[in-house]
Student: 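Handing you a structure now.
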Number of protein chains: 2
Amino acid sequence: MAAPPEAVVHAWTRLERAHRAALAAVEDRLKAAGLPPLAWYDVLLELERAGEQGLRPFELQKAMLFAQYNLSRLIDRMSAKGYVARTASAEDGRGQLLTITRAGRALRRRIWPVYGAAIEAAVGAHLSPAEARTLGDLLEKLHPPRS
Amino acid sequence: MAAPPEAVVHAWTRLERAHRAALAAVEDRLKAAGLPPLAWYDVLLELERAGEQGLRPFELQKAMLFAQYNLSRLIDRMSAKGYVARTASAEDGRGQLLTITRAGRALRRRIWPVYGAAIEAAVGAHLSPAEARTLGDLLEKLHPPRS
DNA sequence: ACCATCTTGATGCAAGTGCATTTATCTATA
DNA sequence: TATAGATAAATGCACTTGCATCAAGATGGT
């Protein structure tokens, strides 16, 4: 049933490998710098972009493609450290609003130099600018923003 | 320090998303079919390719980019189920040789149709043949086979 | 208003992962 | 041939993830 063409299998296996290698390299650098895991950065970035009004957990969940229970506990940890604030949602009695704190913004700024350098080393260093652009565009087709 | 160009950051974030989405979709299908996780397939495939003489755990580790302790325990589980055989290495008193069993080969054959269809759905369906080829080649540059 | 159904978010428990360390064996150099 | 150092693999313990389920609040039809 639907045995995929060889080029597709090749793309998939390379996607796995490239991602695994790059992610491990990035996480290693963060750890070496005494910084929290990547997921923390993603949360901080999304919340910072959301600004004053914050984000509902389920929105963050969709933005990050994170499992509900994982996000719930990630937010536990991050708010315990004071990087994220949970407040009850005004419109929805079930829900909450997550906002980034001052400490959260500071943490994100502290992570970025290390993270950015790691991205450059793991991705940028291997590709020409045109290749990087093409790669990004092709990957975007695999999971289009608004689908 | 070394803030990467925008195209590089874009490629990285898309790599993360595309991989996360595709992987989740593939794992979901395996689970729905009552099959073990993807990593099992990778082990079975590598061992089947290695043939009679098998593979040393550390070789498998490099092939799969899997952490040593994780592989050690993954092999525990797989050999407990009879899909992989562990035997002491003849040349190296510390080491072992892993080989796939008949049941292991059967499992791999049983997984492939589901896995192949999932790859097609997650990757093939979104790309032309030429795009798939280009994507695979670009990803290969991120983690060249023999580096 | 009522009830069935859906959505949001949390949580108990089992399974997997990461970290540090350990044991055993191999290798190289003096 | 000793012996210091490297490599192969396992393991105890803490943390994270996955799974299933739950409780509380929203929603829509009657």
Side-chain angles (χ1 to χ4, degrees), chain A residues 19-21 23-43 46-47 54-81 84-99, chain B residues 19-20 23-43 46-47 50 54-81 84-99:
Chain A
H19 179 262
R20 206 179 298 213
L23 181 64
V26 169
E27 292 278 21
D28 281 355
R29 288 209 189 194
L30 291 176
K31 204 170 310 170
L35 295 168
L38 208 40
W40 289 44
Y41 185 88
D42 293 338
V43 168
E46 293 292 339
L47 291 185
L55 275 184
R56 299 285 301 272
F58 75 93
E59 298 175 298
L60 192 48
Q61 201 188 121
K62 269 159 206 150
M64 295 179 59
L65 307 180
F66 224 68
Q68 183 270 320
Y69 46 82
N70 278 342
L71 182 61
S72 173
R73 291 193 257 222
L74 175 56
I75 298 300
D76 281 350
R77 286 171 239 143
M78 293 182 70
S79 72
K81 299 267 187 184
V84 167
R86 277 176 150 142
T87 55
S89 164
E91 312 111 20
D92 189 333
R94 296 164 299 183
Q96 347 182 296
L97 270 178
L98 306 176
T99 48
Chain B
H19 179 263
R20 207 178 297 213
L23 182 64
V26 169
E27 292 278 20
D28 281 355
R29 288 208 188 197
L30 291 176
K31 204 170 310 171
L35 295 168
L38 209 41
W40 289 43
Y41 185 88
D42 293 338
V43 169
E46 292 292 340
L47 291 184
L55 275 184
R56 298 286 299 274
F58 75 92
E59 297 176 296
L60 192 48
Q61 199 188 123
K62 269 160 207 152
M64 295 180 59
L65 307 181
F66 224 68
Q68 183 269 322
Y69 44 82
N70 279 341
L71 182 61
S72 173
R73 292 192 259 221
L74 175 55
I75 298 300
D76 281 350
R77 287 171 242 143
M78 294 184 70
S79 71
K81 299 269 187 182
V84 167
R86 277 176 150 141
T87 56
S89 163
E91 311 111 20
D92 188 332
R94 297 164 298 183
Q96 351 181 290
L97 269 177
L98 307 176
T99 49

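Each chain gets a letter, A, B and so on, in the order the sequences are listed, and its residues count up from 1.
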Student: Pick the nucleotide of DNA chain C nearest each of Leu97(A) and Tyr69(B); which residue has the one closer to the 5' end?
Tutor: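 In this pair, the answer is Leu97(A).
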
Student: Please check this pair: side chain of Arg77(B) against backbone of Trp40(B), looking for a donor-acceptor N/O pair closer than 3.5 Å.
Tutor: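 Not confirmed, Arg77(B) side chain does not pair with Trp40(B) backbone.
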
Student: Looking at Arg77(B), does any N or O in its side chain come under 4.0 Å of the phosphate oxygens OP1/OP2 on dA15(C)?
Tutor: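 So the side-chain polar atoms of Arg77(B) never come under 4.0 Å of the phosphate oxygens OP1 or OP2 of dA15(C).
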
Student: Could you list, one pair per line, each protein nitrogen or oxygen that sits under 3.5 Å from a nitrogen or oxygen of nucleotides 22-26 of chain D, together with the distance?
Tutor:
from, atom 1, to, atom 2, distance (Å)
dG25(D), O3', Gly93(A), N, 3.3
dG25(D), N2, Arg94(A), NH1, 2.9
dA26(D), OP1, Gly93(A), N, 2.8

Student: Using only side-chain N and O atoms of Ser72(B), determine if any of them is under 4.0 Å from OP1 or OP2 of dA9(D).
Tutor: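 Answer no for this pair, as no side-chain N or O of Ser72(B) is under 4.0 Å from OP1 or OP2.
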
Student: Taking for each residue the nucleotide of DNA chain D with the nearest heavy atom, is it Lys62(B) or Asp76(B) whose nucleotide lies nearer the 5' end?
Tutor: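 On the 5' side of the pair lies Lys62(B).
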
Student: Hey, does the side chain of Arg86(A) come within less than 4.0 Å of dT8(C)'s phosphate (OP1/OP2), counting only N and O?
Tutor: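 Answer no for this pair, as no side-chain N or O of Arg86(A) is under 4.0 Å from OP1 or OP2.
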
Student: So, does Asn70(A) get its side chain near the phosphate of dT16(D), meaning an N or O under 4.0 Å from OP1 or OP2?
Tutor: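 So the side chain of Asn70(A) is outside the cut-off, no N or O lying under 4.0 Å from OP1 or OP2 of dT16(D).
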
Student: Only one of Thr87(B), Leu71(B), Leu60(B) clears side chain to side chain contact (heavy atoms under 4.5 Å, CB included) with Leu98(B); which?
Tutor: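 Exactly one candidate clears the test, Leu60(B).
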
Student: Between the base of dG9(C) and the side chain of Arg73(A), is one N or O donor paired with an acceptor at under 3.5 angstrom?
Tutor: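 Absent.
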
Student: Can you find a donor-acceptor pair, distance only, under 3.5 Å between Gln68(B) side chain and dA8(D) base?
Tutor: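 A donor-acceptor contact between them is absent.
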
Student: What's the closest nucleotide to the side chain of Lys31(B) if the choices are dG18(D), dC19(C), dA10(D)?
Tutor: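 Looking only at side-chain atoms, Lys31(B) lies closest to dG18(D).
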
Student: Report yes if the side chains of Arg20(A) and Phe66(B) come closer than 4.5 Å at any heavy-atom pair, otherwise no.
Tutor: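 Side-chain contact under 4.5 Å: yes.
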
Student: Give a yes or no on whether a donor-acceptor pair under 3.5 Å exists between the nucleobase atoms of dG9(C), that is its base, and the side chain of Arg56(A).
Tutor: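 No pair found.
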
Student: Return the nearest nucleotide to the side chain of Gln96(A); candidates are dC13(D), dC19(D), dA10(C).
Tutor: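 Taking heavy atoms from C-beta onward, the closest nucleotide is dA10(C).
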
